[in-house]
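Note that the structure is predicted; figures quoted are calculated from it, not measured.
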Amino acid sequence: MELSVINLRHFEHGSLPDGFRELLIDVHADAYADAMDDPFNQRFPWFVDHWSGKEGFTCVVAYDEDEPTGFAYGAPLAPGREWWRSTGYQPKDGCSSTYAVSEVMVRPRWRKRGISERLHEALLKERTEDLAVLLVDVTHPKVQALYESWGYTGVGEQQPFADSPVFAVMVKGLQA
């Protein structure tokens, strides 16, 4: 397959274009095509509505010409509701404002090209929070290792929903 130029487009709460929700749902359906029989994966439209409705929601979508190849999105977490709170993790110097990276995914045809890292970097580039936090299915050690290579540290585990996998809670400092 010929390597093409991947363009990143930024979106945020309050100015999402028509069809944005469907775009995310379609990319997810392709990215998880082999696991869409899982009821937790079938709830993805609810997660899109939940996250995109949050004040501070931001999303970066990668495009190969006009074809969406993947996306990353998240939003700030309310004080006291940070995902790392359920672990023994203690932020340095009380710096605890946290941005949750809820999703990073790339469609199979575009994987292994560094797109997920570009999406992640673009998502966090302008963030002013002290920390980024994300959850990774504990049965995916390669994904955990990838996030570690991006500067994250595992600080514990949690299962946020009865039908969700157990996730590793991973934290990264955002301010130098």
Side-chain angles (χ1 to χ4, degrees), residues 8-32 36 38-63 68-87 89 91 94-107 115-137 140 143 147 150-175:
L8 303 181
R9 298 181 195 163
H10 298 257
F11 301 92
E12 60 187 47
H13 174 76
S15 62
L16 301 176
D18 290 342
F20 180 78
R21 177 182 192 267
E22 292 74 19
L23 178 151
L24 298 184
I25 291 169
D26 290 348
V27 169
H28 175 267
D30 188 20
Y32 286 89
M36 285 307 293
D38 182 332
F40 185 71
N41 286 333
Q42 293 171 6
R43 290 195 6 231
F44 184 70
W46 179 88
F47 288 101
V48 169
D49 294 341
H50 171 77
W51 285 96
S52 64
K54 286 182 167 285
E55 194 69 38
F57 168 83
T58 56
C59 180
V60 180
V61 180
Y63 288 88
T69 66
F71 62 82
Y73 72 66
L77 294 174
R81 301 290 311 246
E82 302 91 350
W83 297 340
W84 49 261
R85 294 254 180 214
S86 64
T87 73
Y89 177 76
C95 297
S96 62
S97 63
T98 305
Y99 182 85
V101 177
S102 178
E103 297 290 345
V104 177
M105 70 181 67
V106 175
R107 295 170 62 194
I115 295 171
S116 62
E117 185 172 16
R118 285 186 61 204
L119 286 165
H120 176 264
E121 286 177 7
L123 183 69
L124 295 181
K125 186 176 183 184
E126 305 294 326
R127 300 310 315 170
T128 59
E129 291 83 8
D130 301 313
L131 305 168
V133 64
L134 53 76
L135 303 177
V136 180
D137 186 328
H140 297 130
V143 178
Y147 286 126
W150 296 352
Y152 285 87
T153 302
V155 296
E157 294 180 355
Q158 67 173 251
Q159 184 177 15
F161 301 96
D163 64 342
S164 75
V166 173
F167 292 106
V169 179
M170 302 189 79
V171 177
K172 172 182 176 160
L174 294 179
Q175 308 307 319

Study note, to complete from the structure: Residue set satisfying side-chain contact (heavy atoms from CB on, under 4.5 Å) with Ala62, at least two apart, ordered chain then number -> Ile6, Leu8, Thr69, Ile115, Leu119
Review point. If you take all heavy atoms of Gln158 and Ser86, which pair is closest and at what distance?
Key: NE2-OG, 3.0 Å
Practice item. Might you work through the side chain to side chain contact (heavy atoms under 4.5 Å, CB included) test for Tyr147 and Val104, ending with a clear yes or no? Key: CA-CA 11 Å; Tyr147 286 126; Val104 177; 3.6 Å; yes
Check your understanding: What is the ring orientation for Phe71 with Tyr73, classed by angle as parallel under 30°, tilted 30 to 60°, or perpendicular over 60°?
Key -> parallel
Review point. Should the pair Arg43 and Phe161 be classed as cation-pi, given the thresholds of under 6.0 Å to the six-membered ring centre and 45° from the axis?
Key: yes
**Study point:** Worked verdict on Glu129 versus Thr98 for side-chain hydrogen bond (donor to acceptor under 3.5 Å, both in side chains)
**Key:** CA-CA 5 Å; Glu129 291 83 8; Thr98 305; over 6 Å; no
Check your understanding: Which residues pass the side-chain hydrogen bond (donor to acceptor under 3.5 Å, both in side chains) test with Asp18, sequence neighbours left out?
Key -> none
Point to revise | Thr87 side chain near Val155 side chain, heavy-atom distance below 4.5 Å | key: yes
Review point. Using a distance-only test with no angle check, is there a side-chain donor-acceptor pair under 3.5 angstrom linking Ser164 and Gln159?
Key: no
Check your understanding: Does the side chain of His120 reach to within under 4.5 Å of the side chain of Tyr152, using non-hydrogen atoms?
Key -> yes
Practice item. Could I get the full list of side-chain contact (heavy atoms from CB on, under 4.5 Å) partners for Glu22, not counting sequence neighbours? Key: none
**Study point:** Nearest-0.5 Å distance, CD of residue Glu126 to CD of residue Glu12
**Key:** 11.0 Å
Check your understanding: Considering residues at least two apart in sequence or located in another chain, which fulfil the side-chain contact (heavy atoms from CB on, under 4.5 Å) criterion with Glu157?
Key -> Val138, Val166
Point to revise | Reported CG-to-CZ distance for the pair Leu23 and Phe11, which is rounded to 0.5 angstrom | key: 7.0 Å
Exercise for review: Assess whether side chain to side chain contact (heavy atoms under 4.5 Å, CB included) is satisfied between Leu77 and Trp83, documenting all intermediate values.
Suggested key: CA-CA 8 Å; Leu77 294 174; Trp83 297 340; 4.0 Å; yes
Practice item. To the nearest 0.5 Å, tell me how far Glu103 CD sits from Phe47 CZ. Key: 8.0 Å
**Study point:** Shortest non-hydrogen separation from Leu124 to Ala132 and the atoms involved
**Key:** CD1-CB, 4.0 Å
Review point. Which value, rounded to the nearest 0.5 Å, describes the distance between Phe20 atom CZ and Ile25 atom CD1?
Key: 10.5 Å
Practice item. Determine whether Val133 and Met170 make a side-chain contact, defined as any pair of heavy atoms from C-beta on separated by less than 4.5 Å. Key: no
Table please: side-chain donor-acceptor pairs of residues 52-60 below 3.5 Å, with sequence neighbours left out.
residue: Ser52; atom: OG; partner: Val48; partner atom: O; Å: 2.7
residue: Thr58; atom: OG1; partner: Tyr99; partner atom: OH; Å: 2.5

Revision key, fill the gap. Value for CZ (Arg107) from CG (Asp30), rounded to nearest 0.5 Å, stands at 4.5 Å
Check your understanding: If you round to the nearest 0.5 Å, how far is OG of Ser97 from CD of Glu82?
Key -> 8.5 Å
Check your understanding: For Leu135 and Pro160, which heavy atoms make the closest approach, and how far apart are they?
Key -> CD1-CG, 4.2 Å
**Study point:** Heavy-atom check, side chain of Val143 versus side chain of Asp137, under 4.5 Å
**Key:** no
Review point. With sequence neighbours left out, what residues match Asn41 under side-chain contact (heavy atoms from CB on, under 4.5 Å)?
Key: His28, Tyr32, Ala35, Met36, Asp38
Point to revise | Cationic N near anionic O, under 4.0 Å, Glu121 to Arg118 | key: no
Review point. If every non-hydrogen atom of Trp51 is compared with every non-hydrogen atom of Ala100, which pair is closest and at what distance?
Key: CH2-CB, 3.7 Å
Check your understanding: Does a side-chain heavy-atom distance below 4.5 Å link Pro91 with Leu131?
Key -> yes
Point to revise | Flag side-chain contact, heavy atom, 4.5 Å: Trp150 against Ser116 | key: yes
